[in-house]
Amino acid sequence: MSEATGNDGAGTGRTGPVRVVLVDDHAMFRTGVRAELAQAADSVDVVAEAADTAEAITVVSELRPDVVLLDVHLPGGGGVEVLRQCLPQLPDVRFLALSVSDAAEDVIGTIRAGARGYVTKTITGDDLVAAIVRVADGDAVFSPRLAGFVLDAFAGSEAPSVDDDFDRLTQREREVLRLIARGYAYKEIAKELFISVKTVETHVSAVLRKLQLSNRYELTRWATDRRLI
């Protein structure tokens, strides 16, 4: 099954490849995505990159690309802030979230802010190209398991509640928490988030302290009870 799903769009009459701005705070990840997309140069053209919220807003406003490939967790306010600043002035620019997070609150919050789709970083290069083109053509595109979150939210059901303890965590600590709760080893988390094992250990210690938990097993139970995994 294809990673990204959505309805076929009618097309926009665009000629040439989709012009894309790639927004992510990890340089190594941007390099990898750019290399994947370069294999489909007839369909997608990465015209610029940005590494944080302020840079993204500036680059998108100046270049007015067809699609912004947007990480959800960015320094300086995050993907939602980019959407909030750009969409009122640039209604024709379409945003596709590409994130390590598949948490319901991230998906719903990003779509409510105006993104046209949300796919996770497990997506293949071919499926990512297809998702970008479809968003450019007017589709709403989601990784399969995420579509249910959006349907539920816009059918009137509430997003999973998150308590004050969770709000005290930084964006990076939330990412580490979810991966730990899913059973990832420290080395696997380091690889997934492009950080060192030592940094992972620091984040885990901070999460346990802030949540007043003793170990990763308690953390997993805490996250499961709140539907964060």
Side-chain angles (χ1 to χ4, degrees), residues 2-6 14 16-83 86 90 93-103 106-107 110-111 113-137 139-146 171-172 175-176 178-179 184 188-196:
S2 174
E3 165 76 11
T5 61
R14 180 190 63 257
V18 177
R19 297 172 63 251
V20 174
V21 167
L22 172 59
V23 181
D24 195 284
D25 59 334
H26 296 114
M28 288 179 62
F29 180 75
R30 294 198 308 272
T31 299
V33 172
R34 183 184 278 272
E36 289 284 350
L37 298 182
Q39 299 180 46
D42 56 334
S43 299
V44 175
D45 178 21
V46 178
V47 297
E49 299 178 9
D52 57 38
T53 301
E55 185 179 11
I57 293 168
T58 298
V59 170
V60 171
S61 299
E62 289 178 352
L63 296 182
R64 298 173 179 259
D66 299 309
V67 173
V68 179
L69 200 56
L70 182 66
D71 191 12
V72 173
H73 299 150
L74 293 168
V80 168
E81 181 65 17
V82 176
L83 289 158
C86 290
L90 305 168
V93 176
R94 295 187 169 112
F95 291 80
L96 174 61
L98 175 63
S99 177
V100 69
S101 172
D102 59 3
D106 284 336
V107 178
T110 303
I111 298 303
R116 292 290 300 172
Y118 195 117
V119 295
T120 62
K121 290 181 177 180
T122 58
I123 193 169
T124 67
D126 288 344
D127 282 346
L128 181 58
V129 169
I132 291 169
V133 172
R134 294 176 72 171
V135 166
D137 286 344
D139 256 347
V141 180
F142 303 92
S143 293
R145 72 176 298 271
L146 306 185
Q171 294 286 4
R172 179 62 81 207
E175 292 173 343
V176 170
R178 292 188 182 103
L179 293 174
Y184 281 59
E188 293 171 325
I189 296 172
K191 182 178 180 181
E192 182 77 16
L193 300 180
F194 299 95
I195 57 180
S196 69

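Bear in mind that the values here come from a model prediction, so they are computed numbers and not experimental data.
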Practice problem: Verify whether one side chain among Ser101 and Ser99 offers a donor that lies under 3.5 Å from an acceptor in the other. | Solution: no

Quiz item: Among all residues two or more places apart in sequence or in another chain, which pass the side-chain contact (heavy atoms from CB on, under 4.5 Å) test with Gln39?
Solution: Glu36

Quiz prompt | With sequence neighbours excluded, residues passing side-chain contact (heavy atoms from CB on, under 4.5 Å) with Ser196 | solution = Lys198, Thr199

Keeping the roles fixed (side chain from [X], backbone from [Y]), state whether a donor-acceptor pair exists under 3.5 Å.
| X | Y | answer |
| --- | --- | --- |
| Asp66 | Arg19 | yes |
| Asp52 | Glu55 | yes |
| His73 | Arg172 | no |

Shortest non-hydrogen contact from [X] toward [Y]:
| X | Y | value |
| --- | --- | --- |
| Leu63 | Ala48 | CD1-CB, 3.4 Å |
| Leu90 | Ser61 | CD1-CA, 3.7 Å |
| Pro17 | Ala41 | CB-O, 3.7 Å |
| Leu83 | Gly114 | CD2-C, 4.1 Å |

Quiz item: Salt-bridged, Glu188 to Lys191, with N to O below 4.0 Å?
Solution: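 Result for this pair is no, no salt bridge flagged.
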
For the residue pair [X] and [Y], establish whether any side-chain heavy-atom pair is separated by less than 4.5 Å.
| X | Y | value |
| --- | --- | --- |
| Val119 | Ser143 | yes |
| Phe95 | Val60 | yes |
| Val18 | Ser43 | no |
| Val107 | Asp102 | no |
| Glu175 | Ile195 | no |

Rounded to the nearest 0.5 Å, how far does [atom2] of [Y] lie from [atom1] of [X]?
| X | Y | atom1 | atom2 | answer |
| --- | --- | --- | --- | --- |
| Thr120 | Phe142 | OG1 | CZ | 13.0 Å |
| Thr53 | Leu74 | OG1 | CG | 4.5 Å |
| Arg30 | Asp71 | CZ | CG | 10.5 Å |
| Phe29 | Leu22 | CZ | CG | 7.5 Å |
| Arg178 | Asp106 | CZ | CG | 5.0 Å |
| Arg116 | Arg94 | CZ | CZ | 6.5 Å |

Quiz item: Can Leu37 and Ile132 be said to form a side chain to side chain contact (heavy atoms under 4.5 Å, CB included), step by step?
Solution: CA-CA 10 Å; Leu37 298 182; Ile132 291 169; 4.0 Å; yes

Exercise. Among Val33, Leu128, Leu98, find the residue that satisfies the side-chain contact (heavy atoms from CB on, under 4.5 Å) test when tested with Lys121.
Key: Leu98

